[in-house]
Amino acid sequence: MLSLFGKKRVSILGLDISSTSVKLLELSQTNEGYRVESYAVVPLPVNAVTENNINDVDVVANALVGVVEKSKTKAKHGAVAVAGSAVITKLIEMPGDLNEEQMELQVSNDAEQYIPFQIEDVALDFEVQGLVDGKDDRVEVLLAACRRENIDSRVAALTISGINPKVVDIEAYAMERAFQLITGQLDGLDESSTVAIIDVGARVTTLSVLLGGQTVYSREQLFGGQQLTEEIQRRYGLSLEEAGVAKKQGGLPDDYEHEVLAPFLDAVVQQITRSLQFYFSSSEHEEVDHVVLAGGVASMAGLADLVRDRLGTPCVVANPFAHMTVASRVNAMALSNDAPALMIACGLAMRSFD
């Protein structure tokens, strides 16, 4: 069985492999809370990863080597994640008196009735959630299955780079884990609150809806900051690399904010609204209590205010490091700037403390 939910005993690097970069985060824990020990981001070449699939394992492995060197970490174990769209999850009931080995055997034997793929093509894992309501002799078990090719490419990239692949997680659960660190930023949050985390990455936007701190809905759509980069490239005759640098550092013509940036921010809000409408149409809810913006696009000036005004819902930009201390070798300013984009890496790094 694959350790999607496996127990860890060592310091684990959170390694978020996205379509445009590899992000590394290492945390330690003291009585005062968490501390950022190492952090780095290294870009990936175009098309090395597309739609959450690793196309070139060696290129990703080289990026992993680079991000480890840049971070100066000494840790040798890593956690990566697969996208929720690549994973099938299902809650099942099982006898409560089974030990872990017996439960694993039964899950393997019964998995075919729950998974619409050939069992030999998927990796399985499970986690006991607790007793079934009204049935003291039955437990609720979360079954997770992912195609082996998605797992194998990530494991291979880590192994080639010299990192021991300790955990393969699910992005939505890593995000849920990191959400624990930002609850203090949300006024009036309680166990009945519904929170929408909008992770706007380079090419994919993911909506995760949490109820009582647990993920109840997740949806991905192809939209992200790369569209702004490509529009800058097209309009101003720049290379893709030049456009990416200009987007972050400025120096674009005077018409940029009105003619390019403003329409893009409007498009972001439209995508968020559309994602939420899909959620509302498939649930009993007609609104959410809070919106949390994550991903590289989240820190764009004015976006949180725009979302709040258009949706009429409180909106904050995620910063899981707000109450953490930072090691001297970590660039605190760069960490703060990248904070919204490091939610998944942070949730993965927190696997060290399970």
Side-chain angles (χ1 to χ4, degrees), residues 1-8 15 17 49-55 57 78-159 164-177 204 206-211 214-222 278-279 281-283 344 347-348 351 354:
M1 289 237 175
L2 173 76
S3 182
L4 280 169
F5 304 110
K7 295 178 174 59
K8 284 67 56 189
L15 298 165
I17 302 172
V49 178
T50 55
E51 296 185 24
N52 302 307
N53 296 314
I54 294 179
N55 298 321
V57 170
V80 291
V82 291
S85 58
V87 180
I88 295 172
T89 59
K90 188 172 182 62
L91 284 170
I92 61 176
E93 289 186 21
M94 298 184 69
D97 59 353
L98 299 180
N99 60 36
E100 186 169 351
E101 185 176 337
Q102 292 169 328
M103 197 169 286
E104 181 173 323
L105 180 61
Q106 183 165 328
V107 166
S108 297
N109 291 336
D110 296 347
E112 287 188 353
Q113 62 184 296
Y114 306 115
I115 308 302
F117 304 121
Q118 294 294 321
I119 292 301
E120 58 268 23
D121 295 334
V122 300
L124 297 171
D125 200 14
F126 66 92
E127 184 176 71
V128 177
Q129 303 295 291
L131 291 173
V132 176
D133 289 341
K135 299 180 181 179
D136 292 342
D137 61 338
R138 306 283 290 179
V139 291
E140 195 170 55
V141 176
L142 178 63
L143 172 66
C146 180
R147 284 188 176 275
R148 287 194 177 276
E149 58 195 35
N150 293 319
I151 304 293
D152 291 347
S153 60
R154 283 161 172 77
V155 169
L158 264 66
T159 302
N164 177 28
K166 193 72 174 176
V167 179
V168 180
D169 207 331
I170 301 170
E171 288 183 354
Y173 295 153
M175 184 70 75
E176 177 185 304
R177 199 173 299 108
V204 177
T206 304
L207 164 65
S208 297
V209 179
L210 278 63
L211 180 60
Q214 294 189 321
T215 305
V216 296
Y217 178 89
S218 182
R219 183 177 187 272
E220 299 172 10
Q221 58 191 46
L222 291 176
F278 275 108
Y279 166 65
S281 67
S282 63
S283 75
I344 290 173
L348 292 171
R351 292 301 297 261
D354 286 0

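In this chain, residues are counted from 1 in sequence order. Side chains included, hydrogens not; waters and symmetry mates left out as well; all remaining heavy atoms used.
For E149, the side chain to side chain contact (heavy atoms under 4.5 Å, CB included) criterion is met by R147, not counting sequence neighbours. Under the side-chain hydrogen bond (donor to acceptor under 3.5 Å, both in side chains) criterion, E140 pairs with no residue at all, not counting sequence neighbours. Looking at residues two or more places apart in sequence or on another chain, you find a side chain to side chain contact (heavy atoms under 4.5 Å, CB included) between V204 and T206, E220, L222. Residues forming a salt bridge (charged side-chain N to carboxylate O under 4.0 Å, His left out) with K135 (at least two apart in sequence, or on another chain): E93. L98 pairs by the side chain to side chain contact (heavy atoms under 4.5 Å, CB included) definition with M94, P95, Q102, M103, Q106, not counting sequence neighbours. Applying the side-chain hydrogen bond (donor to acceptor under 3.5 Å, both in side chains) rule to D121 yields no partners; only residues at least two apart in sequence or on another chain are considered. Every residue two or more places apart in sequence or in another chain that forms a side-chain hydrogen bond (donor to acceptor under 3.5 Å, both in side chains) with R219 is listed here: Q221. Every residue meeting the side-chain hydrogen bond (donor to acceptor under 3.5 Å, both in side chains) condition with T50, not counting sequence neighbours, appears here in chain and number order: N55.
The shortest side-chain heavy-atom distance between S218 and L207 does not fall under the 4.5 Å cut-off. Here the side chains of Y217 and S283 are not in contact, with every heavy-atom distance at 4.5 Å or above. Using a 4.5 Å cut-off on side-chain heavy atoms (C-beta onward), L158 and V80 make contact. Counting only heavy atoms from C-beta outward, the side chains of Y173 and L348 never approach each other to under 4.5 Å. Residues I151 and V82 have side chains in contact (heavy-atom distance under 4.5 Å, counting atoms from C-beta outward). In this structure, the side chains of R351 and K166 stay at 4.5 Å or more apart for every pair of heavy atoms.
Note that the CG atom of D152 and the CD1 atom of I54 stand 10.5 Å from one another [nearest 0.5 Å]. Rounded to the nearest 0.5 Å, atoms CD1 (I92) and CD (Q129) are 11.0 Å apart. In this structure, CG on N52 lies 11.0 Å from CD1 on I17, to the nearest 0.5 angstrom. Atoms CD and OG, from Q214 and S208 in turn, are 13.5 Å apart once rounded to the nearest 0.5 Å. Rounding to the nearest 0.5 angstrom, the gap separating the CD1 atom in I88 from the CG atom in L143 is 9.0 Å. Considering CG of L142 and CG of L91, their distance stands at 5.5 Å, rounded to 0.5 Å.
Pairs of residues two or more places apart, or lying in two chains, never qualify as salt bridge (Lys or Arg N to Asp or Glu O under 4.0 Å) while including a residue from residues 108-119.
Closest approach of L15 to G78, counting heavy atoms only: CD1-CA, 4.1 Å. The shortest heavy-atom contact between S108 and L124 is CA-CD1, 4.5 Å. The shortest heavy-atom contact between A144 and I170 is CB-CD1, 4.3 Å. Summarising the geometry of C146 relative to A86, their closest heavy-atom pair is SG-O, 3.5 Å, with the distance given to 0.1 Å. The shortest non-hydrogen separation linking L131 to D136 is CD2-O, 3.6 Å. The shortest heavy-atom contact between R177 and G347 is NH1-O, 2.9 Å.
Applying the 6.0 Å contact sphere to CG of N99 captures more than 12 heavy atoms from other residues, nucleotides or ligands. Around CD of Q113, the count of heavy atoms belonging to other residues, nucleotides or ligands within 6.0 Å exceeds 12.
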Verdict with supporting geometry, V168 and V155, side-chain contact (heavy atoms from CB on, under 4.5 Å): CA-CA 8 Å; V168 180; V155 169; 4.2 Å; yes
